[in-house]
Student: 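Can you read through this structure? Questions will come right after.
Here the structure is a predicted model, which is why all the values come from computation and not from measurement. In what follows, chains are A, B, ... by sequence order, proteins preceding strands, each numbered from 1.
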Amino acid sequence: ETGVTQTPRHLVMGMTNKKSLKCEQHLGHNAMYWYKQSAKKPLELMFVYNFKEQTENNSVPSRFSPECPNSSHLFLHLHTLQPEDSALYLCASSQDLITRNSPLHFGNGTRLTVT
Amino acid sequence: AQSVTQPDIHITVSEGASLELRCNYSYGATPYLFWYVQSPGQGLQLLLKYFSGDTLVQGIKGFEAEFKRSQSSFNLRKPSVHWSDAAEYFCAVAGGTSYGKLTFGQGTILTVHP
């Protein structure tokens, strides 16, 4: 039990589909993150939310749309994706952006395949 | 901008042997450094972190890492590897005061032979 739960674990979608990834954390944290892990590439930070406010969009294409309705939940809405978007999408949380002794806690990820 | 290099993509060791995984970082000020481990199909688990103070930090599962500013390195070590340590290991750096916005290295895959 990681404290950060992601659903679904696996997702296969066509390029014209619309789907959403869900992340929920039970740690009382206030910052949540989306990272992308592609094969043979370092993990890439996509979005950061701190106290429900988006603080960073790391030049992510608009076909990825995050939503953070509260500090415990984070969504990533997907539409008209490309095959190169196939990757493991990892959600993480931390106490906030500035507390030193609160590193990232990761979920187990959603393995996304775009066909 | 900060960056992290893990020179070894894949390392193979025998069970019981010692292990050192290399990590070099680039950052202009005092870095905040982390090692994470990822088992297949899992997310990343924090092994240890360095913020300041003692340059030798202890982590979980018997791992330790040493921060060497002069070499811009933060190498991970374990004196005796267990088969369950087989996984992928990631070094990461946080810049400034945003401890959650990490820049990761490409990872090192560790294989352990019986």
Student: Give the minimum heavy-atom separation between A/Tyr33 and B/Lys101, together with the two atoms involved.
Tutor: CE2-N, 4.3 Å
Student: Applying a strict under-4.5 Å side-chain criterion to I, L, V, M, F, W and Y, I'd like to know whether A/Val4 and A/Leu11 cluster together.
Tutor: no
Student: Could you tell me which portion of A/Arg111 (side chain, backbone, both or neither) has an atom closer than 4.5 angstrom to a non-hydrogen atom of chain B?
Tutor: neither
Student: Please state whether the side chain, the backbone, both or neither of A/Gln37 comes within less than 4.5 Å of a heavy atom of chain B.
Tutor: side chain
Student: Under a single-linkage definition using a 4.5 Å side-chain heavy-atom cutoff for Ile, Leu, Val, Met, Phe, Trp and Tyr, are A/Met13 and A/Met15 assigned to the same hydrophobic cluster?
Tutor: yes
Student: For B/Ser70, check side-chain hydrogen bond (donor to acceptor under 3.5 Å, both in side chains) against everything at least two apart and list the hits.
Tutor: none
Student: Given the rule that I, L, V, M, F, W and Y join up when any side-chain heavy atoms are under 4.5 Å apart, are A/Leu81 and A/Leu90 in one cluster?
Tutor: no
Student: Return each pair, listed once, that meets salt bridge (charged side-chain N to carboxylate O under 4.0 Å, His left out) where at least one residue sits in residues 16-28 of chain A; pairs must be two or more places apart or across chains.
Tutor: none
Student: Stepwise, does the side chain to side chain contact (heavy atoms under 4.5 Å, CB included) test hold for A/Leu88 with B/Gln38?
Tutor: CA-CA 12 Å; A/Leu88 182 68; B/Gln38 185 180 32; 3.7 Å; yes
Student: Tell me, for B/Gln45 versus chain A, whether the close heavy atoms (under 4.5 Å) come from the side chain, the backbone, both or neither.
Tutor: neither
Student: Can you get from B/Leu46 to A/Met32 by hopping between Ile, Leu, Val, Met, Phe, Trp and Tyr side chains that sit under 4.5 Å apart?
Tutor: no
Student: Of all the heavy-atom pairs spanning A/Pro42 and B/Gly105, show the shortest one and how long it is.
Tutor: CB-O, 3.8 Å
Student: Shortest non-hydrogen contact from A/Pro103 to B/Phe34?
Tutor: CB-CE2, 3.9 Å
Student: Are B/Phe90 and A/Phe106 connected into the same hydrophobic cluster when the rule is that any two of I, L, V, M, F, W, Y join if their side-chain heavy atoms are below 4.5 Å apart?
Tutor: yes
Student: With sequence neighbours excluded, give me every disulfide (SG to SG under 2.5 Å) pair touching residues 46-90 of chain A.
Tutor: none
Student: Chain B contacts: which residues in residues 44-62 of chain A have a non-hydrogen atom closer than 4.5 Å to it?
Tutor: A/Leu45, A/Val48, A/Glu56
Student: Within a reach of under 6.0 Å around CD1 of B/Ile9, are more than 12 heavy atoms found that belong to other residues, nucleotides or ligands?
Tutor: no
Student: Where do B/Leu44 and A/Tyr35 land on the side chain to side chain contact (heavy atoms under 4.5 Å, CB included) test, with the steps shown first?
Tutor: CA-CA 11 Å; B/Leu44 278 70; A/Tyr35 278 85; over 6 Å; no
